[in-house]
Amino acid sequence: MITTKPLLAYLILSATSLYAAETSSPGPDGKDVKWHPGHYAFVQSAPLGEEHIYKNFRGIQKMYTWRSLEPEKDRYDFTAVRADLAFLGKHDRRLIIQIQTKTFGAGQNYCPAYVSGADYGGGVYQTRWGSLNPIIWNERVNARLNALYKELGKQFDHEPFLEAVVIPESATTFDPATASAIAYTADKYTRSVEAGMQALKDAFPHTVTMQYVNMPPEAIQPLAEYSKTQHVGFGGPDIYPSDPQLNDPQRGVYRLYAPLSGVVPLGAAVQQNDYTQRGAFRGPPGETPVKEIYEFGRDKLHLNYIFWGTRRGYFEKVQALLDDPSFPKDPAGGLDARYPQSLSVSPTLKK
């Protein structure tokens, strides 16, 4: 006689194990990484209120500028982060911090004022839009940014409602004609991004860390490899299902997600413009349905996290999609909930 009891016990144990991994939080041995994959609302830098407690969303992704976190050299101000964590924790929602160093508005500068000074070689460059972004391949500037990561980690790594910390997109935004004037080389730049990835990982051993990678083309493969060997999450600032450059099978960044699936955390944002144009680089015009964005992120990019921009008229469509009775109702909302292999083992440090 064949009994179903062992099978039933196995199924119960398997389901319990999956749930335990999906809700992992630092244990007594201090080795676990918090893990709550799924859908998050990306609110830019908006002050949080009750209106941001969205049904079917696990929490909020929010930008905090370097300048706001370090108003003066070595004087840190994490008041906003603490307030947001307290507010979200009260509602059983989680926070994903994006440390914003880059900006695209004319005259804007998200770096502390001291970074532009002579001691740091005038450590900012002017972008094509007239904003000022940090020269992170300047070792002194890089060290200051990594010091911020270290201080944030001391304060917040063990916070149960801090889910992840994200470094913004890797794309360079200067006029190529100015590259020599700002001592830029692709190799120096790639190494500086890797240094930031490592510093963030070291600062947050119990929290998901992630580097957004989209450009330049010569950097994306090395950064994907570094992500894998050093166990840093990999992601991007946009989801463009129809963008020919991002989807290029030889050089596009989207080809790099599948090999990292199940190995490192994967996440991507849906920016305000992602709803209203089909691609960032020479894509066809027109809106992208939110279901298409979701399915591309789930099936092509194998994402653990999607950070949905809250643009009026489009975010409501996202909410409707997630609330539809046919939409997956697991905690990750149909995204890959597997605990990445890299979060369970120590990385082999590069020399």
Side-chain angles (χ1 to χ4, degrees), residues 66 98-104 110-111 123-129 131 133-143 145-146 149 165-202 209-240 243-261 263-269 271 279-282 301 303 342 347 349-351:
W66 183 3
Q98 181 167 318
I99 302 172
Q100 197 65 24
T101 58
K102 296 182 177 181
T103 181
F104 306 94
Y110 287 167
C111 303
V124 297
Y125 66 84
Q126 184 168 304
T127 72
R128 297 188 295 274
W129 300 275
S131 58
N133 286 348
I135 303 175
I136 63 167
W137 56 96
N138 174 322
E139 291 184 0
R140 287 172 292 174
V141 175
N142 196 271
L145 184 56
N146 294 345
Y149 299 159
V165 185
V166 174
I167 301 175
E169 64 184 82
S170 61
T172 54
T173 51
F174 54 80
D175 184 334
T178 67
S180 60
I182 54 177
Y184 172 88
T185 69
D187 183 68
K188 283 171 61 177
Y189 179 68
T190 303
R191 301 290 86 78
S192 70
V193 175
E194 291 175 349
M197 294 167 70
Q198 189 63 59
L200 191 69
K201 178 70 175 178
D202 291 344
T209 58
M210 185 175 296
Q211 170 72 56
Y212 281 172
V213 177
N214 54 346
M215 297 288 280
E218 60 271 16
I220 61 176
Q221 182 78 51
L223 292 177
E225 293 171 358
Y226 194 87
S227 172
K228 183 177 181 179
T229 59
Q230 301 309 114
H231 306 172
V232 179
F234 189 84
D238 301 283
I239 301 179
Y240 280 125
D243 188 286
Q245 185 165 334
L246 297 173
N247 282 287
D248 185 288
Q250 278 75 48
R251 290 175 60 81
V253 70
Y254 286 163
R255 79 187 195 282
L256 302 175
Y257 281 73
L260 295 173
S261 175
V263 180
V264 301
L266 297 175
Q271 302 285 344
F281 304 101
R282 298 179 295 280
L301 303 183
L303 298 179
S342 66
L349 293 178
K350 284 190 170 183
K351 299 297 185 183

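For the numbers below, each heavy atom of this structure counts, side chains included, while hydrogens, waters and symmetry mates do not.
Residues Pro134 and Tyr125 approach most closely at O-CE2, 3.5 Å, considering heavy atoms. Residue Ala219 comes nearest to Thr190 through the heavy atom pair CB-OG1, 3.5 Å, listed as atom of the first residue, atom of the second, then distance. Minimum interatomic distance between Tyr189 and Pro216 (heavy atoms only, all atoms of both residues): CE2-CD, 3.9 Å. Shown here for Val263 and Pro259, the closest heavy-atom pair between the two residues is CG2-O, 4.0 Å. Nearest heavy-atom pair, Pro168 versus Gln100, reported as atom, atom and distance to 0.1 Å: CB-OE1, 3.8 Å. Contact record, Glu194 with Leu223: CG-CD2, 3.7 Å, taken as the closest heavy-atom pair.
Scanning for ring pair (Phe, Tyr, Trp, His ring centres under 6.0 Å) contacts around Tyr110 gives an empty result, with sequence neighbours left out. Asp187 meets the salt bridge (Lys or Arg N to Asp or Glu O under 4.0 Å) test with Arg191; sequence neighbours excluded. Looking at residues two or more places apart in sequence or on another chain, you find no side-chain contact (heavy atoms from CB on, under 4.5 Å) involving Glu139. Under the side-chain contact (heavy atoms from CB on, under 4.5 Å) criterion, Ile167 pairs with Tyr149, Leu200, Gln211, sequence neighbours left out. With sequence neighbours left out, the side-chain contact (heavy atoms from CB on, under 4.5 Å) criterion links Pro237 to Glu169, Tyr212, Asn214, Gln271.
Looking at Leu301 and Tyr254, their side chains come closer than 4.5 Å, going by heavy atoms from C-beta outward. Between Lys201 and His231, some side-chain heavy-atom pair lies under the 4.5 Å cut-off. Between Leu256 and Ile220 the shortest side-chain heavy-atom distance falls below 4.5 Å. Counting only heavy atoms from C-beta outward, the side chains of Leu266 and Ser261 approach each other to under 4.5 Å. Between Ser342 and Ser227, every side-chain heavy-atom pair lies at or beyond the 4.5 Å cut-off. Lys228 is not listed as a side-chain neighbour of Phe234, based on a closest heavy-atom distance of 4.5 Å or more.
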Requested in this report: Could you please spell out the steps behind the side-chain contact (heavy atoms from CB on, under 4.5 Å) verdict for Arg251 and Gln245?
Outcome: CA-CA 8 Å; Arg251 290 175 60 81; Gln245 185 165 334; over 6 Å; no
Requested in this report: Mind running side-chain contact (heavy atoms from CB on, under 4.5 Å) on Trp137 and Val193 for me, showing each step along the way?
Outcome: CA-CA 8 Å; Trp137 56 96; Val193 175; over 6 Å; no
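Summarising the geometry, atom OG belonging to Ser192 is positioned 11.5 Å from atom CE belonging to Met197; distances are rounded to the nearest 0.5 Å. Here the CD-CZ distance, from Gln126 to Phe174, works out to 13.0 Å after rounding to the nearest 0.5 Å. Rounded to the nearest 0.5 Å, atoms OG1 (Thr101) and CD1 (Ile136) are 7.0 Å apart.
Applying the 6.0 Å contact sphere to CZ of Arg140 captures more than 12 heavy atoms from other residues, nucleotides or ligands.
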Which atom pairs, donor and acceptor, lie under 3.5 Å between side-chain atoms of residues 178-185 and protein residues at least two apart or in another chain?
unit_1: Thr178; atom_1: OG1; unit_2: Asp175; atom_2: O; d: 2.7
unit_1: Thr185; atom_1: OG1; unit_2: Lys188; atom_2: N; d: 3.1

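Asn138 and Asn142 share no donor-acceptor pair across their side chains, judged by distance under 3.5 Å alone. Thr173 and Asn133 share a donor-acceptor pair across their side chains, judged by distance under 3.5 Å alone.
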